[in-house]
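Side-chain atoms are counted along with the backbone in the values below, which use heavy atoms only and exclude waters and symmetry mates. Note on naming: letters A, B, ... go to the chains in the order of the sequence lines (proteins, then strands), and numbering restarts at 1 for each one.
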Amino acid sequence: MSEINHEILEKIDDYRWRIPKSYKPGMRVPGIIYADEKLLKDIRQDKALEQVANVAFLPGIVNASLAMPDIHWGYGFCIGGVAATDIENGGVISPGGVGFDINCGVRMLKTNLQYEDIKNKIKDLVYALFSDIPSGVGSKGDIRVSAKEEEEILVKGAKWAVEKGYGTQEDLECTEEYGAIQGADPAAVSDRAYERGKAQSGTLGSGNHFLEIQVIDQLYDRDLCDEFGLNLGQITLMIHSGSRGLGYQVCDDYTRSMVHCLEKYNINVPDRQLACSPVNSPEGKAYLGAMRAAANYAWANRQCLMYLTRKVFEKIFVCSWQKMGMELIYDVAHNIAKLEKYNIGGKEKSL
Amino acid sequence: MQYYELLEHTADIGVRLKAKDLKELFENTALAMFDIMSERKSPDPRQSVGAPSHQSPAEKIIVKQDADNLEELFINWLNELLSLSSAKELIFTDFKINKLSETALEATAISENIADYKVNTEIKAATYHQLKLEPINSGWQAEVIFDV
């Protein structure tokens, strides 16, 4: 059960709720939760609200500790938690805040197939996907890479995969950051992380990661669907995966080092999983470089997974993926930290 | 008898353990972690006399960890085992803490090939979130949440 006193929640409007700064001494900003009454009922059941308040302790945090409607209990940050810190004002970065699975994300592909076209092939498709796409814990892929290539993946991301023939330029254009965030530092990634990552390129992983064949049964935004070429009954594919063992190791390595930063930089956080360091400190910069490298690994990985998926469909339908219209709609990360510029109180700031 | 209990958590897995002393607590938490992750594929042939042994032999790995305090040591120990298990493709099946202080440990971990195991749950890491490590009347108790 939640520890937070729910009476403390202030209603801003039908879809926003505030945890005032006065809730806990040490909060630098209020918490704001985006949810309606119905969602809030579930949210109150676990400890996610307490975590929103904890994130408000981070030095340099701007305006509010935010939680999106998918908010639920995680570790450190709640799942669905978002925070921006002001770099010039001692703003911090927290590996535990980004999470162990750096650049965990999803990509969605469309097809020009209808449910009717595949309904008799579903069994074959599922068997082929299971056999051709390595999944499960510690799964290893057929796409094996040398240490030198791995370093290249960490810099080039999905572009590495496209150069290898596992996709097209158009795929990159439909990927966040074109599949490679700039500023990755492969040297900031430990040998152990390399070791964990080497065998796992092109593998899905386990837990809540998945590859799904989906059918569109409802259109919420007609205009947007027209734009993307999506219609009722159409088959789409969703791939959910991240940076695998390489990312977990980067998070573990830097959480270890940043636990020491709490004392070094005189930072007070109520949960050590929020261990952090100023973005401009040597520790913060090293983590940012390593995190970007892990993020690029994840984009390369999802590109490889999409390639393997296209191959499976080609095998089952004896038709090229281009003819089946298996184009990437978009790939987006949901566990990541980025430097972006925003106008805060009339001043442009790097957050 | 189950030596650990699962704690309620929305997205992850938490465990609570009791042990007679700190060494046993460190050993049993590691055991619980690998018990949640994996199960042996077939009955252990060493337990039935005369059965042919086809599995790869167990290997001993010495694990050393340092930290600033006991809680960090505990988390570092668990995460080091997860990291070794994934990098070297092993499942750990037994642990013996040889030396333990507030800030350092040395342990022997017995590992087997991951191919002999069915892995059910991937544990990404042990976290500090809501971590408890405390003395109780009969020894020590720990609560830890794993990211799965």
Side-chain angles (χ1 to χ4, degrees), chain A residues 1 3 42-43 45-48 50-51 54 71-80 96 99-101 104 136-140 190-200 205-209 242 244-249 251-253 255-256 259-260 262-263 269-275, chain B residues 7-14 33-34 36-39 65-92 103 113-133 143-148:
Chain A
M1 282 295 117
E3 289 161 4
D42 288 337
I43 295 167
Q45 300 296 315
D46 65 24
K47 293 177 180 167
E50 194 67 33
Q51 294 189 300
N54 290 347
I71 171 175
H72 56 288
W73 188 12
Y75 49 88
F77 273 52
C78 64
I79 293 160
F100 284 95
D101 198 0
C104 186
V137 181
S139 48
K140 295 183 292 175
S190 69
D191 290 347
R192 180 70 68 77
Y194 272 90
E195 202 181 339
R196 287 177 79 169
K198 212 153 61 185
Q200 293 186 336
S206 73
N208 63 353
H209 294 159
R244 316 283 292 110
L246 183 134
Y248 313 161
Q249 189 67 41
C251 182
D252 182 24
D253 292 340
T255 300
R256 279 181 197 223
V259 162
H260 304 289
L262 293 177
E263 202 177 332
V269 285
D271 180 348
R272 246 178 301 172
Q273 200 59 42
L274 292 173
Chain B
L7 302 173
E8 208 178 303
H9 192 285
T10 318
D12 296 315
I13 292 180
M33 195 166 71
F34 285 93
I36 290 167
M37 279 176 73
S38 59
E39 59 182 303
Q65 286 292 295
D66 294 304
D68 283 355
N69 56 52
L70 193 63
E71 289 192 348
E72 280 173 36
L73 190 66
F74 185 68
I75 293 296
N76 288 356
W77 152 249
L78 298 174
N79 282 337
E80 175 66 9
L81 294 172
L82 289 173
S83 169
L84 282 169
S85 148
S86 135
K88 305 200 180 302
E89 295 162 35
L90 303 164
I91 285 291
F92 290 109
T103 56
N113 193 324
I114 207 161
D116 295 330
Y117 283 78
K118 180 170 171 284
V119 185
N120 300 316
T121 310
E122 180 175 53
I123 295 182
K124 292 175 189 155
T127 76
Y128 284 105
H129 180 59
Q130 308 249 323
L131 174 67
K132 281 188 193 137
L133 208 57
E143 284 180 23
V144 58
I145 292 174
F146 300 120
D147 178 18
V148 295

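Summarising the geometry, atom CD belonging to A/Gln273 is positioned 8.5 Å from atom CG belonging to B/Asp147; distances are rounded to the nearest 0.5 Å. With rounding to the nearest 0.5 angstrom, the NE2 atom of B/His9 is 7.5 Å from the CG atom of A/Asp46. The CD1 atom of B/Ile75 sits 10.5 Å away from atom OG1 of A/Thr255, with the distance rounded to the nearest 0.5 Å. Note that NE2 of B/His129 is 9.0 Å distant from CD of A/Glu50, once rounded to the nearest 0.5 Å. The NZ atom of B/Lys124 lies 14.5 Å from the CD atom of A/Gln249; values are rounded to the nearest 0.5 Å. In this structure, CD on B/Glu122 lies 8.0 Å from NE2 on A/His209, to the nearest 0.5 angstrom.
A pairwise comparison of heavy atoms in B/Asn76 and A/Arg256 identifies O-NH2, 3.0 Å as the closest pair. The two atoms that bring B/Ala11 and A/Trp73 nearest to each other are CB-O, 3.7 Å, heavy atoms only.
Neither the backbone nor the side chain of B/Ala67 comes within contact range of chain A; no heavy atoms are under 4.5 Å apart. If you measure heavy-atom distances from B/Leu84 to chain A, the contacts under 4.5 Å come from both the backbone and the side chain. Of the two parts of A/Arg272, the backbone and the side chain both hold a non-hydrogen atom closer than 4.5 Å to a non-hydrogen atom of chain B.
A heavy-atom distance below 4.5 Å is not found between the side chains of B/Leu82 and A/Tyr248. Between B/Glu8 and A/Gln45, every side-chain heavy-atom pair lies at or beyond the 4.5 Å cut-off.
When B/Ala87, B/Ser83, B/Ala125, B/Ser86 are compared by the number of non-hydrogen pairs under 4.5 Å with chain A, B/Ser83 comes out ahead. Comparing A/Ile79, A/Asp101, A/Leu274, A/Asp252 by how many heavy-atom pairs each has under 4.5 Å with chain B, the most go to A/Asp252.
Using a 4.0 Å cut-off between charged nitrogen and carboxylate oxygen, A/Glu195 and B/Lys88 count as a salt-bridge pair.
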Any chance you could lay out the side-chain contact (heavy atoms from CB on, under 4.5 Å) test for B/Glu72 and A/His260, step after step, and finish with the verdict?
CA-CA 10 Å; B/Glu72 280 173 36; A/His260 304 289; 3.9 Å; yes
